[in-house]
Amino acid sequence: MNTQTQSRKKPITTILVKPAGPDCNMNCAYCFYLDRQRLFPSSKVHRMSEELLEILIKQAMEQTSDYVNFGWQGGEPTLMGLGFFEKAIELQTRYQQGQIIGNGLQTNGILIAPDWAKFLKRSKFLVGLSLDGPERIHDHYRAMRGGQGSWAKVRDAAKLMLDSGVEVNALSVVNDFSAQFPEEIYRFHKSLGLNYMQFIPCLEPDPQRPDRPAKFSVSADQLGKFLVKVFELWRADFKSGVPTTSIRFFDSVFFRYVGLEPPECTLQKECGTYVVVEHDGGVYSCDFFVEPDCYLGNIQSDQLVKLLNSEAQRAFGKRKANLSEECRGCQYLKFCAGGCPKERMSQKHNRLCLAYKTFFDHAHKDLKELARKWKAEQESSRNLAAASSSTRKPARNDPCPCGSGLKYKKCCGR
């Protein structure tokens with residue numbers, strides 16, 4: 001393979017790891033991952049071995065040069081126990097070759113205790129805590145295996161981690177019920193100190209009619225109204241022109257408005273920028289597509305970087321560009337990029353398209369003005385830096401600014 005071809009390779013920057021596979025200590029009605037147990041019928045309990053963990057981390061360190069982020073997800077990853085993650089940090093340190101390493105943990109919070117909080121703080125984990133809002137909203141679908149509510153334990157976990165100095169984001173699933181209460185959810189998160197929020201649309205197929213959304217899925221109309229209201233709340237909380245809360249979707253969309261590539265994969269033109277590693281070492285194309293037809297290989301016999309750049313992964317990534325005529329002609333396509341392919345549910349058109357149009361119709365003018373101000377501030381900062389540099393007194397060994405070709409100390413600086 002020539003140098004030019006190699007330079008076009010996608011680097012490994014993000015690896016989503018499912019160390020406990022689809023196993024979970026909760027029984028949320030809308031969970032999309034519990035049914036993945038059918039892919040691993042040989043055992044009822046799924047756990048990544050330390051041998052596989054070492055293979056994974058060793059590969060990651062050998063196959064990336066600058067930065068790599070491990071996203072530990074599930075199911076529920078804390079079922080692995082704290083020792084597993086302490087081992088992961090040990091292995092990252094052992095095999096690190098100068099890279100910057102990030103770790104993120106997505107958890108339901110049920111098992112988070114003081115020893116976990118101390119570890120997460122010490123190891124600089126970014127935690128995404130699944131919390132749908134106040135008790136009556138959260139417990140509507142997020143139940144324990146025995147049917148009892150989970151809210152009190154999750155709230156306590158949030159307080160414990162925040163008090164311990166852990167960086168915590170609230171991950172809230174917007175479903176048919178919670179979509180009715182945007183202000184209540186937003187205010188509740190803020191009251192806990194969760195000023196970083198991610199709202200994830202719930203859209204799952206009906207088990208009886210896979211071509212239709214399940215009853216708990218959010219409708220496009222509901223989601224559009226929810227996003228508009230949260231946007232208004234977000235804007236109202238600005239101080240001196242700066243947001244005081246972070247809403248991941250708004251932050252990511254804003255990248256497009258200022259001409260930058262958004263960090264959120266759903267807003268990028270192609271998918272396939274990361275891979276998912278299951279508990280058994282199996283590698284898949286995407287968190288939402290851990291399915292046999294999106295299986296890429298296994299870390300026990302394949303290299304992660306080769307799987308990320310495989311023909312199968314490239315084909316998966318390009319599927320996103322297969323848009324409907326309505327999408328291709330939409331004025332907002334450059335901002336939403338058609339959304340997540342999962343939201344199409346076996347059709348070309350995104351079932352939540354109306355939600356995004358409703359949001360952009362409401363927020364587009366405001367976002368354009370915010371982008372204009374941001375660009376002006378960036379330009380002003382660059383000009384100020386350039387002016388400061390030009391008026392700085394030259395060092396004695398600098399070329400003399402008079403143009404004589406002599407060093408400053410031998411010319412005007414004598």
Item checked: Verdict with supporting geometry, Phe177 and Phe216, ring pair (Phe, Tyr, Trp, His ring centres under 6.0 Å) -> CA-CA 7 Å; Phe177 182 73; Phe216 49 70; over 10 Å; no

Judged by atom type as modelled, is there a donor-acceptor pair below 3.5 Å linking the side chain of [X] to the main-chain atoms of [Y]?
| X | Y | value |
| --- | --- | --- |
| Ser130 | Leu171 | no |
| Gln63 | Leu304 | yes |
| Gln347 | Met345 | no |
| Ser246 | Asp251 | no |
| Thr93 | Ile89 | yes |
| Glu270 | Arg314 | no |
| Arg38 | Asp35 | yes |
| Tyr295 | Gly297 | yes |
| Gln99 | Met61 | yes |

Notebook entry, point to check: When the ring planes of His46 and His279 are compared, do they come out parallel, tilted or perpendicular, using 30° and 60° as the limits?
Noted result: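 Judged by the thresholds at 30° and 60°, the geometry between His46 and His279 is perpendicular.
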
Check: Is the Phe231 ring parallel, tilted or perpendicular to the Phe250 ring (thresholds 30°, 60°)?
Finding: perpendicular

So, for [X] and [Y], which heavy atoms are closest and what is the spacing to 0.1 Å?
| X | Y | answer |
| --- | --- | --- |
| Cys327 | Leu333 | O-CD2, 3.5 Å |
| Phe335 | Leu267 | O-CD2, 3.7 Å |
| Phe85 | Pro19 | CZ-CG, 4.5 Å |
| Phe289 | Cys294 | O-CB, 3.1 Å |
| Asn108 | Val154 | O-CG2, 3.3 Å |
| Ala220 | Leu354 | CB-CB, 3.8 Å |

For [Y], does the six-membered ring have the charged nitrogen or CZ of [X] within the cation-pi criterion, i.e. under 6.0 angstrom from the centroid and within 45° of the normal?
| X | Y | answer |
| --- | --- | --- |
| Arg235 | Phe238 | yes |
| Lys18 | Tyr284 | no |
| Arg136 | Phe181 | yes |

Next item on the list: Might you work through the side chain to side chain contact (heavy atoms under 4.5 Å, CB included) test for Tyr141 and Asp132, ending with a clear yes or no?
Entry: CA-CA 9 Å; Tyr141 285 128; Asp132 283 357; 5.5 Å; no

Check: Among Arg142, Glu135, His138, Arg155, which one satisfies side chain to side chain donor-acceptor pair (under 3.5 Å) with Ser150?
Finding: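 That would be His138; it is the only one of Arg142, Glu135, His138, Arg155 passing the side chain to side chain donor-acceptor pair (under 3.5 Å) with Ser150.
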
Checklist line | Atom pair CG (Leu120) and CG (Leu160), whose distance is rounded to the nearest 0.5 Å | finding: 9.5 Å

Under 3.5 Å, is there a donor-acceptor pair linking the side chains of [X] and [Y]?
| X | Y | answer |
| --- | --- | --- |
| Ser285 | Gln313 | yes |
| His189 | Ser172 | yes |
| Thr266 | Glu264 | yes |
| Asn298 | Gln300 | yes |
| Asp287 | Tyr33 | no |
| Tyr95 | Glu54 | yes |
| Tyr30 | Asp176 | no |

Notebook entry, point to check: When you look at Ile185 and Ser178, which way does the side chain to side chain contact (heavy atoms under 4.5 Å, CB included) test go after all the steps?
Noted result: CA-CA 8 Å; Ile185 295 169; Ser178 65; 4.0 Å; yes

Next item on the list: Check the pair Arg94 / Glu90 against salt bridge (Lys or Arg N to Asp or Glu O under 4.0 Å), numbers first and verdict last.
Entry: CA-CA 6 Å; Arg94 182 192 307 174; Glu90 176 193 321; 3.0 Å; yes

Note to self: With side chain to side chain contact (heavy atoms under 4.5 Å, CB included) as the criterion, how do Phe40 and Glu278 come out once you've worked through the C-alpha distance, each side chain's angles and the decisive distance to 0.1 Å?
What the structure shows: CA-CA 10 Å; Phe40 315 107; Glu278 255 290 350; 3.6 Å; yes

Margin query: Please check if the number of heavy atoms outside Phe32 that lie under 6.0 Å from its CZ is greater than 12.
Written below: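 Enclosed.
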
Next item on the list: Please check if atom CD in Glu50 has more than 12 non-hydrogen atoms from other residues, nucleotides or ligands closer than 6.0 Å.
Entry: no

Note to self: Walk me through whether Lys225 and Asp221 qualify under salt bridge (Lys or Arg N to Asp or Glu O under 4.0 Å).
What the structure shows: CA-CA 6 Å; Lys225 292 175 180 176; Asp221 179 63; 3.3 Å; yes

Checklist line | Within residues 114-128 or reaching into it, pairs that qualify as salt bridge (Lys or Arg N to Asp or Glu O under 4.0 Å) - sequence neighbours excluded | finding: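 Qualifying pairs, neighbours excluded: none.
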
Margin query: So if I apply the side chain to side chain contact (heavy atoms under 4.5 Å, CB included) rule between Asn169 and each of Leu129, Leu126, Asn195, which one comes out positive?
Written below: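 It is Leu126; the other options fail the test.
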
